[in-house]
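Okay, structure first, notes after.
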There are 2 protein chains.
Amino acid sequence: MRDVTADNITDVFMSYMGEGIDPRLKEVLGSLVTHLHAFAREVNLTHEEWNQGIAFLEAAGAISDKERHEFVLLSDVLGLSSLVDMLHSRPEGTSSSVLGPFHISGSPPLAVGGDLRKDFDEPVLLVEGIVKDPDGNPIPGATLDIWQTAPNGLYSSQDPDQDTYSFHGLQTVGADGRYAFTSVRPVEYTVPSDGPVGDILRACGRHPWRPSHLHFIAEAEGFRPLVTEVFPEDDPYLDQDTVFGVRKDLVMRYEEMPAGSFPAEGFELSGKVDEGYLRVRFDLTLVPRD
Amino acid sequence: MRDVTADNITDVFMSYMGEGIDPRLKEVLGSLVTHLHAFAREVNLTHEEWNQGIAFLEAAGAISDKERHEFVLLSDVLGLSSLVDMLHSRPEGTSSSVLGPFHISGSPPLAVGGDLRKDFDEPVLLVEGIVKDPDGNPIPGATLDIWQTAPNGLYSSQDPDQDTYSFHGLQTVGADGRYAFTSVRPVEYTVPSDGPVGDILRACGRHPWRPSHLHFIAEAEGFRPLVTEVFPEDDPYLDQDTVFGVRKDLVMRYEEMPAGSFPAEGFELSGKVDEGYLRVRFDLTLVPRD
Ligand SMILES: [Cu+2]
Ligand SMILES: [Fe+3]
Ligand SMILES: [Fe+3]
């Protein structure tokens with residue numbers, strides 16, 4: 001096309017696509033470019049703003065490495081990651097939420113009723129629930145990969161003072177579908193804000209905080225894997241998670257349990273907890289594979 | 001917001017913007033995110049496709065450095081760079097076109113009628129025209145920064161065998177607004193296709209070629225600077241410039257001039273060209289500053 005104009009350039013872009021290319025690539029890239037062009041037209045994007053955008057992308061590239069994933073963080077704070085999660089969540093199952101950058105593979109087995117608190121001197125949190133299908137039937141043999149922050153707000157992978165698998169465990173439920181473990185309250189934390197994405201947050205008058213949460217990956221044969229998080233209803237950041245991870249059905253409640261009421265059996269800490277503790281009951285519903 | 005959904009997440013994003021932030025930032029980022037979310041919904045973007053997108057951005061970041069600007073190239077091949085150019089072109093002036101990555105500062109002065117061909121053994125190309133305002137009046141003292149490929153398809157900055165300013169010159173026009181120089185035909189070339197952007201071109205069934213062109217930056221006091229390129233009408237890639245730089249008014253024509261007709265004076269090569277040569281006449285119209 002020798003007569004490219006601001007009005008026809010999107011069509012020209014589409015006309016450059018070759019014959020016989022992957023139809024899904026054509027659909028996705030065509031849609032992306034159509035919306036990108038519409039954005040530039042809508043705001044009448046200037047050369048200076050375009051330059052700022054390029055400089056941002058180059059800076060995000062420069063700070064990225066095997067550990068630091070600035071483009072993932074960008075997608076998170078723009079809500080794209082959560083949107084993709086929600087587009088593929090099923091209403092009949094527990095909502096999915098962001099995986100986040102702190103998951104590590106190979107967590108050690110954690111028996112039903114096992115303990116993650118170890119030597120940390122914080123009030124006990126007891127978490128339990130049923131892994132079930134949309135009809136409410138338990139799913140025997142489901143596995144739950146569990147991870148959370150230590151009381152200092154750090155995941156083990158961020159914290160040289162913690163063991164590798166501190167506050168990580170892999171639990172396999174029995175015939176009743178029940179999972180259960182003891183831990184401590186996870187705490188709120190900030191996403192990395194010392195890079196270009198942090199500059200965007202500041203320019204937008206936004207904070208980098210996430211509400212506290214427990215992470216789960218639930219898997220069972222014949223079911224879609226569920227990557228999710230659960231959030232306490234009293235967290236100060238619940239209504240302003242900087243990565244948009246909160247869903248209505250992922251909000252849980254800490255029940256304050258009186259001293260002397262800790263279960264006498266079935267937990268690694270049974271017989272060792274005299275004081276009051278916090279209890280969360282949260283069921284996870286998995287959806288069968290298509 | 002504790003009830004983020006695929007339908008409301010764009011509104012939630014907007015609601016996170018702080019009070020008193022720069023209104024243009026809010027407008028631009030709000031529009032960008034609105035279109036980004038609309039894209040993800042429209043194609044029902046999958047986690048796997050999101051992963052491919054992140055991997056693409058990380059790869060583009062990794063290959064980028066002071067010399068290599070993969071994100072600029074991405075913007076170029078998606079048509080965004082040209083769209084921004086066109087949004088800010090004025091219909092009463094010559095169209096602007098992409099600057100490209102090969103411009104270098106500090107080109108040596110080139111007298112009106114001067115020569116860029118030097119020792120290259122190619123047919124002479126004579127280029128001339130008037131730098132004028134939208135009413136057709138010449139603009140005395142306008143400067144023209146001129147650059148192009150050598151016959152091997154390389155700019156001097158890409159080619160250790162060329163002098164730094166080979167095929168580069170800075171011409172200042174006189175009272176008649178006329179520029180003129182001799183050179184050789186520029187040749188078509190490919191954008192760098194050994195990186196992630198090249199992978200996109202291949203996946204789309206697109207080639208990396210640009211039609212041959214002469215680059216100009218025209219500047220004059222009281223006028224908007226013009227960054228542009230001109231393209232010969234017989235170039236095989238004229239209708240498929242991979243960076244969308246061709247505009248209808250930037251197409252020029254090589255006139256084949258007979259042996260013995262080279263101007264007897266006014267050119268550095270006057271008296272030295274007996275054979276036939278090519279001639280281009282192309283006027284450049286600058287628009288007054290607002
Ligand atoms: Cu759009
Ligand atoms: Fe987390
Ligand atoms: Fe060029």
Side-chain angles (χ1 to χ4, degrees), chain A residues 1-6 9 12-13 16-22 25 27-29 31-33 35-47 49-50 54 57-58 60-62 64 71-72 75 78-84 86-88 203-206 238-240 244 246-248 251, chain B residues 1-6 9 12-13 16-22 25 27-29 31-33 35-47 49-50 54 57-58 60-62 64 71-72 75 78-84 86-88 203-206 238-240 244 246-248 251:
Chain A
M1 175 56 103
R2 72 191 62 190
D3 190 11
V4 178
T5 68
I9 190 169
V12 177
F13 174 85
Y16 280 10
M17 299 259 196
E19 301 284 310
I21 67 165
D22 181 76
L25 174 80
E27 179 185 9
V28 171
L29 203 59
S31 173
L32 178 65
V33 168
H35 287 283
L36 182 68
H37 288 182
F39 149 70
R41 281 187 205 99
E42 181 173 287
V43 302
N44 199 26
L45 193 72
T46 69
H47 284 97
E49 290 160 347
W50 178 89
I54 296 292
L57 291 170
E58 292 190 345
S64 293
F71 292 109
V72 172
S75 168
L78 297 185
L80 180 64
S81 311
S82 276
L83 177 54
V84 171
M86 291 185 292
L87 288 172
H88 300 282
C204 287
R206 283 174 55 180
L238 192 68
D239 284 308
Q240 35 181 318
F244 306 90
V246 181
R247 314 278 174 263
K248 198 175 187 182
V251 179
Chain B
M1 175 54 102
R2 71 191 63 189
D3 190 10
V4 178
T5 68
I9 189 167
V12 176
F13 175 85
Y16 280 11
M17 299 260 196
E19 301 285 309
I21 67 165
D22 181 76
L25 173 79
E27 180 185 9
V28 172
L29 202 57
S31 174
L32 179 63
V33 168
H35 287 282
L36 183 66
H37 288 182
F39 150 70
R41 281 188 205 99
E42 182 173 287
V43 301
N44 198 27
L45 193 71
T46 68
H47 284 97
E49 289 161 349
W50 177 90
I54 295 293
L57 291 169
E58 292 190 345
S64 292
F71 292 109
V72 172
S75 168
L78 297 186
L80 180 64
S81 312
S82 277
L83 177 55
V84 170
M86 292 186 291
L87 288 171
H88 300 281
C204 288
R206 283 174 56 179
L238 193 69
D239 284 308
Q240 36 181 319
F244 306 92
V246 180
R247 315 277 174 264
K248 198 174 186 179
V251 178

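Per chain, numbering begins at 1; letters A, B, ... match sequence-line order.
Of the listed residues A/Leu29, A/Val246, A/Asp22, the one with more heavy-atom pairs under 4.5 angstrom with chain B than any other is A/Val246. Contacts with chain A were tallied for B/Val84, B/Ile21, B/Ile54; B/Val84 has the most, counting heavy-atom pairs under 4.5 Å. Your options are B/Val12, B/Leu36, B/Asp3, and the one with the most heavy-atom pairs under 4.5 Å with chain A is B/Asp3. Of the listed residues (A/Arg247, A/Glu19, A/His47), the one with the most heavy-atom contacts under 4.5 Å to chain B is A/His47. Among the candidates A/Ser64, A/Ser82, A/Ala40, A/Ala62, the residue making the largest number of heavy-atom pairs closer than 4.5 Å to chain B is A/Ala40. By number of non-hydrogen pairs under 4.5 angstrom with chain B, the leading residue of A/Leu57, A/Val251, A/Val33 is A/Leu57. Note: A/Ser31 leads A/Gly205, A/Ala38, A/Ser31 in heavy-atom pairs under 4.5 Å with chain B. Among B/Met17, B/Glu27, B/Arg206, the residue making the largest number of heavy-atom pairs under 4.5 Å with chain A is B/Arg206. Between chain B and the residues A/Ser75, A/Ala60, A/Gly61, A/Gly20, the most heavy-atom pairs under 4.5 angstrom are made by A/Ser75. Of the listed residues (B/Val72, B/Thr46, B/Asn44), the greatest number of heavy-atom pairs within a distance under 4.5 Å of chain A belongs to B/Asn44.
Interface remark: A/His88 contributes side-chain atoms only to the contact with chain B (heavy atom separation under 4.5 Å). With a 4.5 Å cut-off on non-hydrogen atoms, B/Leu83 touches chain A through its backbone and its side chain both. When heavy atoms are compared at a cutoff of 4.5 Å, A/Glu49 approaches chain B solely by way of its side chain, counted from C-beta outward. Interface remark: A/Leu45 contributes backbone and side-chain atoms alike to the contact with chain B (heavy atom separation under 4.5 Å).
The distance from atom NE2 of A/His35 to atom NE2 of B/His37, rounded to the nearest 0.5 Å, is 12.0 Å.
Between B/Asp239 and A/Tyr16, the shortest heavy-atom distance links the atoms O-OH, 3.6 Å. Of all the heavy atoms in A/Ala6 and B/Leu87, the pair that sits closest is CB-CD2, 4.3 Å.
In this structure, the side chains of B/Phe13 and A/Leu80 stay at 4.5 Å or more apart for every pair of heavy atoms.
Scanning for ring-ring contact (aromatic ring centres under 6.0 Å, His included) contacts around A/Phe39 gives an empty result, with sequence neighbours left out.
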